[in-house]
Structures are given as structure tokens and as C-alpha cells.
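Residue numbers start at 1 and run along the sequence shown.
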Amino acid sequence: MKKQKTVEHGKYGVIFIIPFFLVFFVFQLYPLITTFSNSLVYSAKNGRNIVEETGFGNFSNYVFGKAGDAEIWKALAITAVLWILNFIPQILLALLLAAWFTDVRYHLKGTGIYKVIMYMPNIITAATIAVLFYSMFEVNGPLTQLLRSWGLATDVGILRSGWASLIIIAFIQFWMWYGNTMIILTAGILGINPSLYEAAMVDGANSKQQFFKITLPLLKPILQYTLVTSAIGGLQMYDIPQLFNDGGPIVKLSGGATVDSTTTVMMLIKKYTTAGPSQNMGRAAAYSIVLFFVTMAVSLIFYKVTQEKSKDGR
């Protein structure tokens with residue numbers, strides 16, 4: 001009797017995941033290791049020559065020292081403020097819309113069209129949106145002229161105010177991403193067992209009680225994903241601030257140093273990697289390592305805070 005051939009599906013799984021690991025090693029792991037090694041090399045231009053020294057000089061001078069007045073911490077603060085200003089209204093509005101669109105009591109018609117309209121800003125390129133808002137708020141822009149007629153803007157334009165630039169950039173980020181967050185939360189709510197809502201309605205629970213007692217607790221894993229991914233993306237914010245205002249107005253720091261009021265960490269890193277007299281690859285690598293550890297710490301904190309507790313309370 002012939003032995004029947006069996007298909008080993010495991011080897012096909014290995015074959016299919018090989019491309020992922022190749023891409024990961026080449027485009028993520030190798031650059032990360034290179035960044036760590038570059039951060040331990042002081043590499044700066046001195047005229048036409050490149051001066052290199054090994055050690056922790058980049059960290060002691062530029063991160064924890066007074067060289068550049070520790071501009072990395074100022075940039076981190078600006079980045080955090082930009083993320084907070086756009087994420088809080090973004091998650092609140094996305095939750096409200098997701099709950100509204102999925103509430104069986106309202107039976108809203110045409111929700112698909114509304115979702116497409118609200119998601120559309122996310123598919124427009126960042127360059128287009130940044131140029132659009134800049135043209136509206138520049139010195140002679142239509143919105144600046146309107147604000148000037150109300151006495152809310154000066155002749156030099158609203159963009160010369162650091163806080164105004166921060167709020168506008170945060171609004172752009174909020175406007176671009178609230179639709180995407182709404183879609184994710186809507187999918188999470190639709191994944192909740194409808195019988196729970198039916199039982200709650202039988203018991204006389206209103207929409208508000210259902211939202212806080214059923215939807216929010218069961219939506220916790222989706223909220224965790226949204227919070228962590230938004231924090232990672234927010235700390236790596238670059239395109240909108242760079243294209244919109246290229247750093248914003250100059251703000252003086254203690255010690256006589258200066259920093260642009262809307263310069264994020266990624267913009268600061270790009271400043272020292274661009275060819276020119278200010279190029280300093282070691283300094284940029286040190287800033288990248290700081291961003292890496294801050295991002296990891298923030299992600300772990302958010303993950304721990306939003307983690308579901310087991311029945312034994314752990």
C-alpha cells in the first residue's frame with residue numbers, strides 16, 4: 001500500500017515571511033544599528049574637513065550639556081504640545097462620530113457618504129494642505145486680512161506669533177487624521193456583540209449609559225492601538241510643520257541660544273543631516289537616539305495604562 005503524501009504547510013509560511021524579514025533587516029534594523037554607532041562618533045564639518053571623535057561627546061554636549069542650550073528638549077516639548085493639541089480634540093470628535101454612526105436608535109441614512117467626506121483630508125498630500133493653509137494665513141492671505149479687520153492680527157501677519165502657528169499646525173493635523181481615527185473606532189464598535197446593546201435596551205439603558213458601560217470598556221484595545229500609534233506618529237511629526245512654516249518665529253532661550261517656535265525633533269534632526277556648514281551627523285544621530293528612547297518610553301507607558309486587567313487584578 002502506497003504511503004499518502006502530505007503537504008507541509010509550515011515551509012510555505014516561512015517562505016512568505018522571508019520578504020518581511022529582508023525588508024526589516026535592510027530598511028529598519030540596519031539603519032537603527034548604524035544610528036547607534038554614529039551617535040558615538042563626533043562628526044562635524046570644520047570648513048571643508050570633517051572632524052571625527054569617538055565617545056559619548058554628542059550626548060554630553062548636545063543632549064545633557066549646554067551646547068546649543070539643549071535644543072533637543074525644546075524641540076521635544078514643541079512636538080509634544082503639537083501632538084496633544086491635535087490628538088485630544090481628534091479622539092473626542094472621532095469617538096462622538098463613531099458612536100453616533102453606529103447607534104441603532106438613530107438609524108442614520110447615508111453614513112457611508114459622511115465617512116468618505118470625513119476621511120478625504122487624510123488622502124490629500126501633506127504638501128498640498130500645508131501650502132493651502134500657509135497661503136490663507138500669510139501676511140496678505142484672506143484669513144489674515146479678515147482677522148486684521150477684526151483687530152486680531154497685526155501688519156506682520158499672524159504667522160509671526162509662535163502660539164498661532166502651533167495652533168494652526170495642530171488644527172491641520174487634527175483635520176487630516178480625525179476621519180481615519182473615526183473609521184478605526186467605528187470598526188471597533190461594530191465588532192462588539194449587538195446582543196449586549198439589545199439586553200441593555202431591554203433593561204432601560206439610554207444611549208449615554210450604553211456608551212460608557214458597554215462601548216468604552218470593550219473598545220479599550222482599539223483605543224490602546226489608536227493612542228500608541230498616534231503618539232509614535234506625533235513624536236515623528238515632520239511634513240506639516242516643515243512645509244507650513246519651516247520652523248516658525250525665532251524664540252530666544254537662556255544662554256543666548258535660539259530655536260524656532262514650531263521646530264519638531266524630526267526637523268531638528270534634518271537640520272544637522274542636510275549638507276552645509278551646520279551638518280553634524282553625530283549630533284543628528286544622538287538626537288535620533290533620544291527620540292527613539294522617548295518614543296519607546298511613551299508607548300510603553302500608554303500601553304501599560306490602557307492594558308486590560310485580568311480577573312485576578314494583575
Does [X] reach the main-chain N or O of [Y] with its side chain, forming a donor-acceptor pair under 3.5 Å?
X: Thr186; Y: Ala98; result: no
X: Asp239; Y: Ala127; result: no
X: Thr295; Y: Leu291; result: yes
X: Thr273; Y: Lys270; result: yes
X: Asn180; Y: Met176; result: no
X: Thr264; Y: Met237; result: yes
X: Trp175; Y: Ala170; result: no
X: Thr79; Y: Val265; result: yes
X: Asn86; Y: Phe171; result: no

Is any side-chain heavy atom of [X] closer than 4.5 Å to a side-chain heavy atom of [Y]?
X: Met281; Y: Tyr272; value: no
X: Glu71; Y: Tyr287; value: yes
X: Lys115; Y: Met182; value: yes
X: Val290; Y: Trp73; value: yes
X: Leu190; Y: Thr102; value: yes
X: Leu40; Y: Phe56; value: yes
X: Leu185; Y: Ile91; value: yes
X: Phe87; Y: Leu227; value: yes

If you compare all heavy atoms of [X] against all heavy atoms of [Y], which two are closest, and at what distance to 0.1 Å?
X: Thr274; Y: Gln279; value: O-CB, 3.4 Å
X: Asn38; Y: Asn58; value: O-ND2, 4.1 Å
X: Tyr303; Y: Val228; value: N-CG2, 4.3 Å
X: Ala130; Y: Leu243; value: CB-CB, 3.5 Å
X: Ile222; Y: Gly188; value: CG1-CA, 4.0 Å
X: Phe211; Y: Pro217; value: O-CD, 4.4 Å

(request) Using distance alone, with no hydrogens and no angle criterion, decide if Thr125 and Thr128 have a side-chain donor and acceptor under 3.5 Å apart. (result) yes
(request) Decide yes or no on side-chain contact (heavy atoms from CB on, under 4.5 Å) for Leu146 and Ser149, but give the supporting numbers first. (result) CA-CA 5 Å; Leu146 179 63; Ser149 66; 4.1 Å; yes
With a sphere of 6.0 Å drawn around [atom1] of [X], does it hold more than 12 non-hydrogen atoms of other residues, nucleotides or ligands?
X: Phe59; atom1: CZ; value: yes
X: Ile113; atom1: CD1; value: no
X: Met201; atom1: CE; value: yes

(message) Membership question, hydrophobic clusters at under 4.5 Å side-chain separation (ILVMFWY): are Leu96 and Ile192 in the same one?
(response) no
From [atom1] ([X]) to [atom2] ([Y]), nearest 0.5 Å:
X: Lys220; Y: Leu216; atom1: NZ; atom2: CG; answer: 10.5 Å
X: Gln145; Y: Asn140; atom1: CD; atom2: CG; answer: 6.0 Å
X: Asn280; Y: Ile269; atom1: CG; atom2: CD1; answer: 12.5 Å
X: Trp177; Y: Thr226; atom1: CH2; atom2: OG1; answer: 11.5 Å
X: Ile167; Y: Thr262; atom1: CD1; atom2: OG1; answer: 12.5 Å
X: Leu85; Y: Gln173; atom1: CG; atom2: CD; answer: 11.0 Å

(message) Please give the remaining members of the hydrophobic cluster of Val23, linking ILVMFWY side chains under 4.5 Å, ordered by chain and number.
(response) Val26, Phe27
Should the ring pair [X] and [Y] be called parallel, tilted or perpendicular, given that the plane angle runs from 0 to 90° and is split at 30 and 60?
X: Phe133; Y: Phe137; value: parallel
X: Phe293; Y: Phe36; value: perpendicular
X: Phe174; Y: Tyr178; value: parallel

(request) Any pair with a residue in residues 203-219 that passes side-chain hydrogen bond (donor to acceptor under 3.5 Å, both in side chains), sequence neighbours left out, goes on the list, sorted by first then second residue, please. (result) Asp103-Ser207, Tyr197-Thr215
